[in-house]
Amino acid sequence: MESTVRQHIRLTGVVQGVGFRPHVASMATRHGVSGFCGNDDNSVFIEVEGTPDQVDAFSDEVVRNIPPMASVVAVATGDMLPTYQSGFHIVASRRAAGALTLIPPDAAICVDCLSDMADPLGRRYQYPFTTCTNCGPRLSIIRDVPYDRPLTTMVDFPMCELCFGEYENPRDRRFHAQPISCFDCGPTLWLEMPGQPHSPVSEDRRRGSAEALTQARTMLAQGRILAVKGIGGFTVMCEARNESAVALLRDRKNRRGKPLAVMAGSIEAVRVVADLSEAQDKVLTSREAPIVLAPKSAHYDLAPSVAPGLDVVGVMMAYSPLHQLLVEPGQILVATSANSSSLPLTYREQDARNDLSGIVDGFLMHDRIIEVPVEDSVVMADGGQIHPIRRSRGYAPLPVFLGDQDCCVLGVGAELKNTFALTRDGMAFLSAHIGDMGSLETQVAYEKSVAQMMGAHRRTPELIVVDKHPGYATHRWGINKAHELGVEVLEVQHHHGHALSLVAESRMDEESTFVVLDGTGYGDDGTIWGGEILRLGSTPLDYERVGHLPGFLLPGGDSAVRHPWKSALGVLNQYGIDPGEVRAWQDLDGSRGVPTAEEIAGVSSQLQTHLNCVFTTSTGRLFDAVSSILGICHQITYEAQAAMELEAHACNHEHQVNYTDVEDLIAALLDGVKNHCDVGCLAHEFHTGLAHILVEMLVATNPSSTTIGLTGGVFANRLLTREITTQLARHGFTTVTHHVVPANDGGLSLGQAYAGYLHLVN
C-alpha cells in the first residue's frame, strides 16, 4: 500500500478574482486528493494530501493549467504530516499583514460569456457588460487594493439577488468575479449627440441598450463617426471600407498619414484583409486581444486611407461585449484612440464631450467609471515570434520577476512611448502606456498614474532612476520627485537601459553583448547615440561601448526628425557626396516634401559651419536618410514613417549584397537610383547591407558570449531583425529579442527599474 503524504503549496501572483480557488478544487477532484485551499492578500495557499504520485500530479497541473486570467509569479512548497482527513474544500480568506493583492489586467470576453450573450433565453442575452472570472475589466476599474468590489468602480452598482448568488457560489464561473452584473443591476448604455444634453435612459435597460446599439450601427453604416467608450478609454470609430468616412475622420482629427487601427467582428473578417500566421491568429483571439500588425492580404479591401504607404494593417478583435454587439461578424471598423496627437487617452465622459464634439457625430456612452485609463496593446508577429510594440491592455500591470530581494525603485521611463515601473518584493510592475511626455496634459496624467501605482502597492521609492538625457521631462520630474522624497537618484544611459530591460525580461547572461539600435539616446560623450554595440561587465551596471555605426551631423535637431531629407544631407556631407547626386530630389524639386534647391543650399551651409547641428550615430536617422535618398519619404507626419515606408518597399524583394561600410552602401544606393533600379530592390539592399555591416562590426568586437541581445526601437523592423538574426546564426551566435516588454522606449522603464534594483541589493 502506497504511503500518504501531505504538502503545503503557496502560489504568489495574480491569483485573486480569477477563479483560482475553484480551479484548485477541480484539480483536487480530478487527481483524487484531499485537503483545502484559500486566499490571503497576495497568494493562494493549498494543503493537499494523497499518494506521492497523486500529490505530484496535482501539484504539476494546478500550476501548469492555470485559469485564463491568472499569473503565477512564484511557487513555494513544503512537506507536512498527513491528517488522513477526506474531501477537499475551499476555506475562508485570510488577511496577511502588509501583503498586497496583485492586480490582474483587463481581458477580452471569453467564449462562455459570448455564449451567454447569444442565448435568447438567458438573462444576459445581448448584455453589453457581461463578464466572469475569466474575462472583463480589471485594472481599468480598480481604485484600491485588495481587489474587492467595494474598491472598484463597480461599487456604484449593487448586485441583484441573482448576481449575488452567482458571486457566492464556488461552482459558478462568476464566483468572486468583482465586475459581475446584469441588466437589472449593472451599468447603463446610451447614445448621445454632440451638444445635446444626455436624454433620460429608458427604465427598461434591455430595450434602451438595444435602441442605442441599433442607432449606433445605423450611424456607422451611413458613414458617420462615433466615439465609443470601451473598457479602458474612448475609441473613435467609423466604417473602415468607407473611404469618405475614413478621410473625414483624418481631416477632423488632423491625422494625415499615421496608420489607423481597425477592429473586426470575427476572425474570418480579419482573414479577408490580412495574411495571418498561426501565431498571429492565436494572439488575435487570445484573452489579451491586442492590435496585431499583420501583412495585408491580396484581397485587402479597406479604404486606402486606413494604412497608406504600408504593407501591414493593425487589426484587433471586438474584445468587449459592447464591441461584440456593435461590430457585425463580417464588418471591420476603424478603431483609433480618441486622444489628439501628443495628448493622453480620453477616458472620462465629460472630457470626451469637450474634446471630441468637433470630431464625432455621436457618443456611445456607459456609466461604468474608468478609474485607470488603458490603451490598446500592439504586437508585431514575425513568423512564430510575437514581439510587443506597446504593452498596455491585457498585459499591464503583470509584473516581471527580478530577484528574491525586496526594495522599492521607481524607473521613470523615457520621453516617448512612456511607461514607468515600480519594484517591490523582487518584482517590477510596469504601468500601462502613457504616451509622449511633451505636453502638460500627458505630464499631469503621468503624475496621477505614478501616484495611483504607489498607492496601490503601499510603497514609496527608496531610489528613483532617470534617463541621462538632461532635456527629458521625465529626467526633470524624477530629480524633483527624489528631492521631494529625500531619496537618491540614479542616472542610466539610454541604450544601457534598453540592454538591461532585455536582461530583466529574458534572464539572459548579464555579460552578453547587445546590439542597441534606435532613433535617439543621450550618449556618455554628449552626442546622440543610436547605433550601438554594448557589452555588459561583470556587474550589469557596468558596460562598455565596444562599437557603433559611423556618425554624421544632424542639422536642426528635431527638425531633421520631421524632415528626413535633412538627415540625408547630413549623411551625404559626412561622406563628401554632392547633394546633386540624389536623383529623387531633382525629379520632384519642391513637391511632396522634397527639398528645394534653396533649402538644400541653406542646410548644406549649416552643415559646413556646424551651426545648430548635433553629431549622431542614430540608426533611425540613417533609415530616414535612405528613405529620402530613394525618393520614398521626405517629410513625416508621424514617428518612424520614413523607416516604415522604406521597410514596406523592401518587402517581397530580394537583393543580397554584402558591404563593408555605410559609405559604400550609400554610394551603391545612389548609383542604383541613377540607373533606374527598382526602388523596392534598393530598399531591400539597404536592409541586408546594413545587417551585414552590423554583424561584421559585432564579430570584430570578439564577444565573450555566443548569445547576442537585440534591443531598441529599430528592432520593430521585421526585415532588419530577420537579416541580423540569420547572419549572426551563420557565425554561430544565437539572438535574444523582446517578448515581454517592447524593444522601443516603452520597455525602457523596466531596464531602469532593474538597474535601480541591482544598485540597491548588491
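Here, residue 1 is the first one in the sequence, and each next residue gets the next number. A quick note: this is a predicted structure, and the numbers were derived from the prediction, not measured.
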Exercise. Can the ring centroids of Phe234 and Tyr347 be said to lie less than 6.0 angstrom from one another?
Worked result: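 No, too far apart.
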With no hydrogens and no angle check, just 3.5 Å: does a side-chain donor-acceptor pair link [X] and [Y]?
{"X": "His739", "Y": "Glu505", "answer": "no"}
{"X": "Ser749", "Y": "Thr419", "answer": "yes"}
{"X": "Ser209", "Y": "Gln126", "answer": "no"}
{"X": "Tyr127", "Y": "Ser181", "answer": "yes"}
{"X": "Arg173", "Y": "Thr133", "answer": "no"}

To the nearest 0.5 angstrom, please state how far the [atom1] atom of [X] sits from the [atom2] atom of [Y].
{"X": "Ile370", "Y": "Leu139", "atom1": "CD1", "atom2": "CG", "value": "11.0 Å"}
{"X": "Ile386", "Y": "Ser286", "atom1": "CD1", "atom2": "OG", "value": "9.0 Å"}
{"X": "His738", "Y": "Arg391", "atom1": "NE2", "atom2": "CZ", "value": "12.5 Å"}
{"X": "Leu114", "Y": "Cys135", "atom1": "CG", "atom2": "SG", "value": "8.0 Å"}
{"X": "Ile46", "Y": "Met27", "atom1": "CD1", "atom2": "CE", "value": "11.0 Å"}
{"X": "Ile142", "Y": "Ile103", "atom1": "CD1", "atom2": "CD1", "value": "4.5 Å"}

Parallel, tilted or perpendicular for [X] and [Y], by the 30°/60° rule?
{"X": "Phe45", "Y": "Phe36", "result": "perpendicular"}
{"X": "Tyr167", "Y": "Phe164", "result": "parallel"}
{"X": "Phe129", "Y": "His366", "result": "perpendicular"}
{"X": "Tyr754", "Y": "Tyr757", "result": "parallel"}

Problem set entry | Qualifying residue for side-chain contact (heavy atoms from CB on, under 4.5 Å) with Ile291, from Asp376, Ile389, Val379, Leu284 |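 Exactly one option meets the side-chain contact (heavy atoms from CB on, under 4.5 Å) with Ile291, and it is Asp376.
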For this session: Take Tyr125 and Met117, measure what side chain to side chain contact (heavy atoms under 4.5 Å, CB included) needs, and give me the verdict at the end.
Result: CA-CA 4 Å; Tyr125 176 58; Met117 291 175 63; over 6 Å; no
For this session: Could you walk me through whether Phe420 and Val450 pass side chain to side chain contact (heavy atoms under 4.5 Å, CB included), step by step?
Result: CA-CA 8 Å; Phe420 60 88; Val450 171; 3.8 Å; yes
Which heavy atom of [X] sits nearest a heavy atom of [Y], and at what distance?
{"X": "Asn134", "Y": "Pro68", "value": "OD1-CD, 3.4 Å"}
{"X": "Ala269", "Y": "Pro329", "value": "CB-O, 3.5 Å"}
{"X": "Pro105", "Y": "Arg287", "value": "CG-NH1, 3.9 Å"}
{"X": "Pro321", "Y": "Ile109", "value": "CG-CD1, 3.7 Å"}
{"X": "Phe157", "Y": "Cys185", "value": "CB-O, 3.2 Å"}
{"X": "Val228", "Y": "His323", "value": "CG1-NE2, 4.3 Å"}

Salt bridge flag under 4.0 Å for residues [X] and [Y]:
{"X": "Asp116", "Y": "Arg174", "answer": "yes"}
{"X": "Glu61", "Y": "Arg30", "answer": "yes"}
{"X": "Arg207", "Y": "Glu211", "answer": "yes"}
{"X": "Arg368", "Y": "Glu349", "answer": "no"}
{"X": "Asp144", "Y": "Arg458", "answer": "yes"}
{"X": "Glu166", "Y": "Arg123", "answer": "yes"}

Problem set entry | Check against side chain to side chain donor-acceptor pair (under 3.5 Å), Ser377 and Arg390 | CA-CA 5 Å; Ser377 292; Arg390 183 169 73 197; over 6 Å; no
Return yes if some donor-acceptor pair links the side-chain N/O of [X] with the main-chain N/O of [Y] below 3.5 Å, else return no.
{"X": "Asp119", "Y": "Leu121", "answer": "yes"}
{"X": "Ser34", "Y": "Gln85", "answer": "yes"}
{"X": "Gln752", "Y": "Gly413", "answer": "yes"}

May I have the list of side-chain donor-acceptor pairs in residues 399-412 shorter than 3.5 Å, sequence neighbours left out?
unit_1 : atom_1 : unit_2 : atom_2 : d
Asp406 : OD1    : Asp425 : N      : 2.7
Asp406 : OD1    : Arg459 : NH1    : 3.2
Asp406 : OD1    : Arg459 : NH2    : 3.4

Is there side-chain contact between [X] and [Y], with at least one heavy-atom pair below 4.5 Å?
{"X": "Val270", "Y": "Gln280", "value": "no"}
{"X": "Leu502", "Y": "Met508", "value": "yes"}
{"X": "Ile464", "Y": "Val487", "value": "yes"}
{"X": "Tyr395", "Y": "Glu288", "value": "yes"}
{"X": "Pro290", "Y": "Arg393", "value": "no"}
{"X": "Ile369", "Y": "Asp156", "value": "yes"}

Exercise. NZ of Lys448: more than 12 outside heavy atoms within 6.0 angstrom?
Worked result: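 Correct, the count exceeds 12.
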For this session: Determine whether more than 12 heavy atoms belonging to other residues, nucleotides or ligands lie under 6.0 Å from atom CZ of Arg171.
Result: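 Incorrect, the count does not exceed 12.
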Exercise. Does the pair Arg21 and His176 meet the rule for a side chain to side chain donor-acceptor pair (under 3.5 Å), with working shown?
Worked result: CA-CA 10 Å; Arg21 288 173 293 171; His176 281 207; 2.9 Å; yes
Exercise. Run the side chain to side chain contact (heavy atoms under 4.5 Å, CB included) check on Leu326 and Leu364 step by step: do they pass?
Worked result: CA-CA 10 Å; Leu326 180 65; Leu364 191 58; 4.3 Å; yes
For this session: Apply side chain to side chain donor-acceptor pair (under 3.5 Å) to Glu49 and Thr83, showing your working.
Result: CA-CA 8 Å; Glu49 187 169 314; Thr83 65; 3.3 Å; yes
Exercise. Can you list the steps and then say if Asn39 with Phe20 is a side chain to side chain contact (heavy atoms under 4.5 Å, CB included)?
Worked result: CA-CA 9 Å; Asn39 279 342; Phe20 214 105; 5.7 Å; no
Exercise. Passes side chain to side chain donor-acceptor pair (under 3.5 Å), Glu375 versus Ser337? Steps please.
Worked result: CA-CA 8 Å; Glu375 289 259 25; Ser337 299; 2.6 Å; yes
